[in-house]
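Just so it is clear, the values below take in all heavy atoms, side chains as well, and ignore hydrogens, waters and symmetry mates.
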Amino acid sequence: MKEVQMPTWLLELIRCPITLEPLQTAASEVTERLRDELKLGRLTNRVGVSLTDDFQSGLVNASSTWFYPVTDEIPVLVPDEAISLQSIATQHNM
């Protein structure tokens, strides 16, 4: 699946809705690791709901704690839909 790059002007405007930190495009390795977890049925969002919808890429906050999926070139910046990168790293040595 082709990774989507968000326009610079958009990244300058949007912030993480949880931490209010700037967002940046997630590294392709992070996105692929999360997509692998999704395929295995082990990916959940911030409120513990198992995710089933695939995503093209994502955005991460400055402290690399939250991942926001980008689907159809639209970032999903809903706090409850965020994916914790800390829990994935802890559980699976990301």
Do [X] and [Y] share a hydrophobic cluster, counting only Ile, Leu, Val, Met, Phe, Trp and Tyr and linking them when any side-chain heavy atoms are less than 4.5 Å apart?
X   : Y   : answer
L23 : L10 : yes
L59 : I18 : yes
W9  : I14 : yes
L13 : M6  : yes

Inset, instruction - Show your reasoning for whether side chain to side chain contact (heavy atoms under 4.5 Å, CB included) applies to V60 and L85. - result: CA-CA 9 Å; V60 295; L85 293 177; 3.6 Å; yes
Inset, instruction - List the steps and the verdict of ring pair (Phe, Tyr, Trp, His ring centres under 6.0 Å) for F55 and F67. - result: CA-CA 11 Å; F55 43 86; F67 177 94; 5.4 Å; yes
Inset, instruction - Specify the closest pair of heavy atoms between T31 and S57, including all atoms of both residues, with the distance to one decimal. - result: CG2-CA, 3.7 Å
Any donor-acceptor pair under 3.5 Å linking the side chain of [X] with the backbone of [Y]?
X   : Y   : answer
N61 : W66 : yes
Q56 : D72 : yes
E21 : S63 : yes

Legend entry - Beyond-backbone contact of R15 with P22, side-chain heavy atoms, under 4.5 angstrom: yes
Legend entry - Heavy-atom side-chain contact between I83 and P69 under 4.5 Å: yes
Legend entry - Pairing of E29 and R33 as salt bridge, 4.0 angstrom limit: no
Legend entry - T65 side, atom OG1; Q86 side, atom CD - distance, nearest 0.5 Å: 5.5 Å
Legend entry - Positive for side chain to side chain contact (heavy atoms under 4.5 Å, CB included) with L34, one of D36, L38, V30: V30
